[in-house]
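Heavy atoms only: backbone and side chains are in, while hydrogens, waters and symmetry mates are out.
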Amino acid sequence: MHVAVLGGGVIGVAAAYFLGADGHDVTVIDGAREVGADASAGNAGFLAPNDAFSWASPAVPAAVARSLLGEPTGLRVRFGLDPERILWGARFLRECTSARAYRASVAQMRLSTYSQVIQQEIERDEDIDYSLVRRGSFYLYRDARRLAEAARRSDLFREHGIEQRRMSMAEVTDLDPALDAARSHFAGAIHGVSDASGDCATFTRALAGRCVDRYGARLVLDTQIRGLVGDPDRIRAAHTTAGDIEADAFVLALGVGSARIARTLGVRLPIYPVKGYSATFPVRDPDRVPTMPAVEQSTLIAWSRFGDRMRMSSTAEVAGYDRTWKPANFTSIRDLARDVLSGVDLDHGSYRACLRPMTPDGPPILGVGRHRNLVYNTGHGHLGWTMACGSGRVAADLVAGGRPAVDLTGMHLRGWRT
């Protein structure tokens, strides 16, 4: 069967890998000049089932209100009259109840832990060096009260097989001595035991190489996808700037571009971009730069070390499809690096903004709609890297008409309409 995968980020490439392994003829189509060039190249590097708690929570409406009043918060909302933003925002706020947040978090945990198993299988089968660190992660708290609240939430993660431990800063520095200079800044941490980190872009490009070399996949890059054409229940072709590309089945994995392409079929996906900022700094003094990934919980700044580079990311900004950035957007990142990560070279950093494809409740859209040969694999939000390998395996199973090994409750085409 010929399968066209729309999207060359880590989500699409992981799907292509498993489709090729299953014996399909695979074509990957993307508008960038190389795979893994967009959000896959700008994320924090976290492979983090422990970060699977839904962003839509009862605490969010107050944070949104503070943001609209100009206060600095990890979640920012920009004024605008974009009807798509207003509708998505209303749906997001509707999800901010304890019951809805619980259901969404459980769905995300389920897919994240499954994906971790699948990614470890790839690690065993493929020789890919992507600066993997599999020692867990730290969720660092400056406030002892918030740390205690986080520790109480650990029971939910443990119920779903995700181990967390509360740690003092002395215990943190026993695991990662480079954080010794930061001991005075924090009250303690939650250790996400099963978390890991790695360079998503490097992984994506290497895995795409395996698809080409081992399974004969074709990469059609620097090619814009204009839409999908077909019958009421079946897709015939992807309409692109290189002409129509026909296939027997299609996987929609275009991240923030998925909603636009779905609209060419009369399908409205509840996906909207949430902007994040990331910076990458050279490591100047390896002994003073942590090797384990971490999140500073008051600002939601995350970092991961990729060998001789340190990746830092921050902010969830609802501001449309704008990818521009200003130096001021990175002030909090640079301030934290100066205080805590003194071994990085702040004078030679590279900066970028990327767009996360978010659904209002959090879990991705992973399933089949009324077009029986179109698999949706999109809307993974801040957990795209974490969920990618599991989602790719699921997409390949759905293309074959099989039953995925993970429960997809909460990840079907909820909220879509024609």
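At least one side-chain heavy atom of Asp199 sits less than 4.5 Å from a side-chain heavy atom of Arg309. Side-chain contact between Tyr102 and Leu156 is present, with at least one heavy-atom pair separated by less than 4.5 Å. Looking at heavy atoms from C-beta onward, Leu87 lies out of side-chain contact with Tyr272 at the 4.5 angstrom threshold. Contact check for Leu179 versus Phe138: side-chain heavy atoms found under the 4.5 Å cut-off. At a threshold of 4.5 Å between non-hydrogen side-chain atoms, the residues Ser137 and Val295 do not count as touching. By the 4.5 Å heavy-atom criterion applied to side chains, Ile118 and Phe18 are counted as neighbours. By the 4.5 Å heavy-atom criterion applied to side chains, Tyr130 and Arg205 are not counted as neighbours. With contacts defined as side-chain heavy-atom distances shorter than 4.5 Å, the pair Val212/Leu219 qualifies.
Atom CG of Leu252 sits about 9.5 Å away from atom CD1 of Ile235, to the nearest 0.5 Å. We find the CG-CZ distance between Asp308 and Phe281 to be 14.5 Å, quoted to the nearest 0.5 Å. For the atom pair CG (Asn43) and CZ (Arg356), the distance works out to 9.0 Å, reported to the nearest 0.5 Å. With rounding to the nearest 0.5 angstrom, the CD atom of Gln164 is 10.0 Å from the NE2 atom of His191. The distance from the CG atom of Asp38 to the CG atom of Leu254 is 10.5 Å, given to the nearest 0.5 Å. The distance from atom CG of Leu147 to atom CZ of Arg152, rounded to the nearest 0.5 Å, is 10.0 Å.
Here the side chain of Ser54 pairs no donor or acceptor atom with the backbone of Gly362 at under 3.5 angstrom. A side-chain donor-acceptor contact under 3.5 Å links Asn373 to the backbone of Asp248. Here the side chain of Ser115 pairs no donor or acceptor atom with the backbone of Ser112 at under 3.5 angstrom. In this structure, the side chain of Asp339 does not engage the main chain of Leu336 through any donor-acceptor pair within 3.5 Å. Side-chain atoms of Asp22 never come within 3.5 Å of backbone atoms of His24 as a donor-acceptor pair (strictly under, hydrogens ignored). Under the 3.5 Å distance criterion, the side-chain polar atoms of Arg165 are left unmatched by any main-chain donor or acceptor of Val193. Without hydrogens or angle criteria, Arg305 side chain to Val283 main chain gives no donor-acceptor distance under 3.5 Å. Of the possible polar contacts, none joining the Ser40 side chain to the Cys200 backbone as a donor-acceptor pair under 3.5 Å is found. At distances below 3.5 Å, at least one donor-acceptor pair connects side-chain atoms of Asp176 with backbone N or O atoms of Met292.
Heavy-atom minimum distance, Trp385 versus Gly198: NE1-O, 3.1 Å. Nearest heavy atom pair, residue Ile162 against residue Ser194, reads CG2-OG, 4.0 Å. In terms of heavy atoms, Leu132 sits closest to Ala196 at CD1-CB, 4.2 Å. Closest heavy-atom contact between Ala32 and Leu221: O-CB, 3.3 Å. Nearest heavy-atom pair across Gly390 and Leu111 is C-CD1, 4.4 Å. Closest approach of Thr386 to Ala48, counting heavy atoms only: OG1-N, 2.8 Å.
Between Asp231 and the options Arg236, Arg370, Arg372, a salt bridge (Lys or Arg N to Asp or Glu O under 4.0 Å) holds for only Arg236. Each of Arg311, Met312, His348 was checked for a side-chain contact (heavy atoms from CB on, under 4.5 Å) with Thr280, and the lone residue meeting it is Arg311. The side-chain contact (heavy atoms from CB on, under 4.5 Å) with Tyr114 is formed by just one residue from the set Met109, Arg393, Gln119; it is Arg393.
In the model, Arg218 has a side-chain atom that pairs as donor or acceptor with a side-chain atom of Thr27 under 3.5 Å. Residues Ser278 and Arg352 have side chains that never bring a donor and an acceptor to within less than 3.5 angstrom of each other. Defined by atom type and a distance below 3.5 Å, a donor-acceptor pair is present between the side-chain atoms of Tyr17 and Glu126. Defined by atom type and a distance below 3.5 Å, a donor-acceptor pair is present between the side-chain atoms of Gln297 and Tyr141. Thr113 and His160 share no side-chain donor-acceptor pair at under 3.5 Å.
No more than 12 heavy atoms of other residues, nucleotides or ligands sit less than 6.0 Å from atom CD of Glu246. In this structure, Asp129 places its CG atom where only 12 or fewer heavy-atom neighbours from other residues, nucleotides or ligands lie under 6.0 Å away.
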Can Thr299 and Ser314 be said to form a side chain to side chain contact (heavy atoms under 4.5 Å, CB included), step by step? CA-CA 7 Å; Thr299 57; Ser314 72; over 6 Å; no

Take Val394 and Asn377, measure what side chain to side chain contact (heavy atoms under 4.5 Å, CB included) needs, and give me the verdict at the end. CA-CA 9 Å; Val394 168; Asn377 183 16; over 6 Å; no

Apply side chain to side chain contact (heavy atoms under 4.5 Å, CB included) to residues Cys211 and Val28 and explain how you reach the verdict. CA-CA 10 Å; Cys211 293; Val28 177; over 6 Å; no

Carefully, step by step, assess Thr315 and Lys275 under the rule side chain to side chain contact (heavy atoms under 4.5 Å, CB included). CA-CA 7 Å; Thr315 312; Lys275 189 176 185 178; over 6 Å; no

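Classified by interplanar angle (parallel below 30°, tilted 30° to 60°, perpendicular above 60°), the ring pair Tyr351/Trp325 is tilted.
Salt bridge present: Arg145 and Glu149 bring a charged side-chain N and a carboxylate O closer than 4.0 Å. Salt bridge status for Asp361 with Arg100: absent, with no side-chain N to carboxylate O gap under 4.0 Å.
Not less than 6.0 angstrom separates the ring centroid of Trp55 from the ring centroid of Phe92.
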